[in-house]
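Remarks on the structure that follows.
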Amino acid sequence: MCGIVGLFIKDPKLEPELGSLLSTMLDVMCDRGPDSAGFAVYGAGAPGRIKLTLRGPAGTDFPALAARLRAEAGIAGSIEPRDTHGVLAVAGADEAAARAALRRLAPEITVVGAGTRMELYKEVGLPIEVARRFRLESMAGTHAIGHTRMATESAVTTDGAHPFSTGADQCLVHNGSLSNHRGVRRELEREGLRLATDNDSEVAAAYLTSRMNKGDSLGGALEHSLADLDGFYTFVVGTESGFGVLRDPIACKPAVMAETDRYVAFGSEYRALADLPGIGSAKLWEPEPAKVYFWDRAA
């Protein structure tokens, strides 16, 4: 049993409140997933720049790491620290060099997400404490997804926490279990995708990345997954401009959605949505089995 939340802002006046609203939603889902939590926020980006979200051991000196990258590798970029994570912003052309320099100078650092707008944070602990550690309530943006985890088939580790990101500005949170993830993993690895964990949810994220690399939209990738992924699942997915939801054909995992003229919201239970502005007049519904829902700011 895990908890999933997501919020897609339609009214730009609500964007400064994105983090605060998502933090409350995660807090409500604590009892569905007390082991660990994570979230991805799509905030402001800059032309020609990319953000690498880094995770390091407790006490990592991120400003000192940025100084080493400049002095020893010629990588010009700042790192904004947030507890065990930091966001390194570099020129897009320097991404490969920055990753190589991090592997050489700081092998203890893991890149957990990358994109022009996405920042991704996850840690072990109660969801409300994880949100506070990363100062989620202060973050602004257009959309965000979050997850509270109750580990049932693997250890409680930060690597096992969601979201999982396997492509630029792409991430996924998942409630459920895939039965054919090992076979799908082998196919993805033959394509050249490299997965960092044994988690079945990372396989789902990589599958969608593979489909979008082949030209699918987010909606198209989710449609294909109905034929290729077996098991019980609810997915909530983020891309640079989009937000998608899919439940498996049995739809045994709980889910509820709300839409107003200001936002679209997802929660594993209604109580995750209860404090959103204007929820009393929102359109509420349970997502149908095997039906793709997605919204895109570029549409």
Side-chain angles (χ1 to χ4, degrees), residues 2 4 6 8 38-40 42 45 50-53 92 95-96 99 110-120 122 143-145 147 153-154 159-249 253 266 287 289-299:
C2 297
I4 300 176
F8 181 88
F39 55 89
Y42 292 82
I50 191 162
K51 300 178 182 181
L52 300 179
T53 304
E95 179 184 359
R99 287 177 180 267
T110 302
V111 179
V112 294
T116 58
R117 299 183 58 226
M118 182 184 74
E119 298 179 15
L120 192 154
K122 53 185 178 179
H143 53 297
I145 64 175
H147 186 271
E153 298 181 10
S154 57
D159 284 342
H162 301 212
F164 284 99
S165 178
T166 54
D169 281 309
Q170 297 172 15
C171 65
L172 170 144
V173 293
H174 170 208
N175 182 20
S177 179
L178 299 181
S179 57
N180 67 334
H181 61 97
R182 296 194 183 280
V184 175
R185 177 187 294 269
R186 288 192 291 271
E187 291 296 325
L188 294 171
E189 289 176 341
R190 278 194 281 269
E191 293 179 14
L193 286 169
R194 292 292 174 261
L195 283 72
T197 74
D198 292 329
N199 195 291
D200 62 331
S201 302
E202 188 181 17
V203 173
Y207 171 84
L208 295 177
T209 295
S210 172
R211 292 301 322 180
M212 286 186 275
N213 286 346
K214 294 171 183 175
D216 278 2
S217 65
L218 172 57
L222 289 169
E223 289 281 2
H224 278 104
S225 72
L226 287 166
D228 294 337
L229 300 180
D230 291 331
F232 302 112
Y233 54 82
T234 295
F235 298 143
V236 178
V237 186
T239 67
E240 189 275 331
S241 62
F243 170 87
V245 172
L246 177 66
R247 302 172 81 194
D248 67 81
K253 299 299 181 180
F266 175 95
K291 180 175 179 178
V292 172
Y293 298 85
F294 71 99
W295 292 260
D296 198 307
R297 297 178 66 84

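Rounding to the nearest 0.5 angstrom, the gap separating the CG atom in Asn213 from the CG atom in Leu193 is 6.5 Å. For the atom pair OG1 (Thr239) and CG (Leu172), the distance works out to 12.0 Å, reported to the nearest 0.5 Å. Between the CG atom in Asp200 and the NE2 atom in His181 there is a gap of 5.0 Å [rounded to 0.5 Å]. Going from atom OG of Ser201 over to atom CG of Leu195 covers 11.0 Å, rounded to the nearest 0.5 Å.
Qualifying salt bridge (Lys or Arg N to Asp or Glu O under 4.0 Å) partners for Lys122, counting only residues two or more places apart in sequence or in other chains: none. With sequence neighbours excluded, the residues satisfying salt bridge (Lys or Arg N to Asp or Glu O under 4.0 Å) with Lys214 are Glu191. In terms of the side chain to side chain donor-acceptor pair (under 3.5 Å) criterion, residue partners of Ser241 (sequence neighbours excluded) are, by chain and number, Asp296.
The list of ring-ring contact (aromatic ring centres under 6.0 Å, His included) pairs with a residue in residues 208-238, not counting sequence neighbours, reads His174-Phe235, Tyr233-Phe235. Pairs engaging residues 161-188 under the salt bridge (Lys or Arg N to Asp or Glu O under 4.0 Å) rule: Glu187-Arg190 [sequence neighbours left out]. Pairs of residues two or more places apart, or lying in two chains, that qualify as salt bridge (Lys or Arg N to Asp or Glu O under 4.0 Å) and include a residue from residues 217-241 are Arg117-Glu240.
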Just do the side-chain contact (heavy atoms from CB on, under 4.5 Å) check on Thr234 and Phe266 with the steps written out, would you? CA-CA 11 Å; Thr234 295; Phe266 175 95; 3.7 Å; yes
Evaluation steps, side-chain contact (heavy atoms from CB on, under 4.5 Å), between Leu222 and Leu218: CA-CA 6 Å; Leu222 289 169; Leu218 172 57; 4.0 Å; yes
What do the steps show when you test Phe39 against His162 for side-chain contact (heavy atoms from CB on, under 4.5 Å), and what is the final call? CA-CA 7 Å; Phe39 55 89; His162 301 212; over 6 Å; no
Dump the intermediate steps for side-chain contact (heavy atoms from CB on, under 4.5 Å) on Cys171 and Met118, then the final yes or no. CA-CA 9 Å; Cys171 65; Met118 182 184 74; 3.9 Å; yes
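Under the 3.5 Å distance criterion, with hydrogens and angles disregarded, no donor-acceptor pair is assigned to the side chains of Glu119 and Thr53.
The side-chain heavy atoms of Arg211 and Ser225, taken from C-beta on, include no pair separated by under 4.5 Å. Considering only heavy atoms from C-beta on, Lys51 stays 4.5 Å or farther from Thr116 through its side chain. For the pair Val237 and Gln170, the minimum side-chain heavy-atom distance is 4.5 Å or more.
Residues Ala290 and Leu226 share a closest heavy-atom pair of O-CD1, 3.5 Å. Here the shortest heavy-atom pairing between Ser217 and Met212 reads O-CG, 4.0 Å. When all heavy atoms are compared, the tightest approach of Gly238 to Ile145 is N-CD1, 4.1 Å. Between Pro287 and Arg247 the shortest heavy-atom distance is O-NH1, 2.6 Å. Ile50 and Gly115 get closest at one heavy-atom pair: CG1-O, 3.5 Å. The heavy-atom pair separating Leu52 from Ala114 by the smallest distance is CD2-CB, 3.5 Å.
At least one donor-acceptor pair under 3.5 Å links the side chain of Thr209 to the backbone N or O of Ala205. The closest donor-acceptor contact from the side chain of Glu202 to the backbone of Ala196 lies under 3.5 Å. Distance alone, capped at 3.5 Å, places no donor-acceptor pair between the Thr110 side chain and the Val112 backbone.
Aromatic pair Phe243/His143: ring centres not closer than 6.0 Å.
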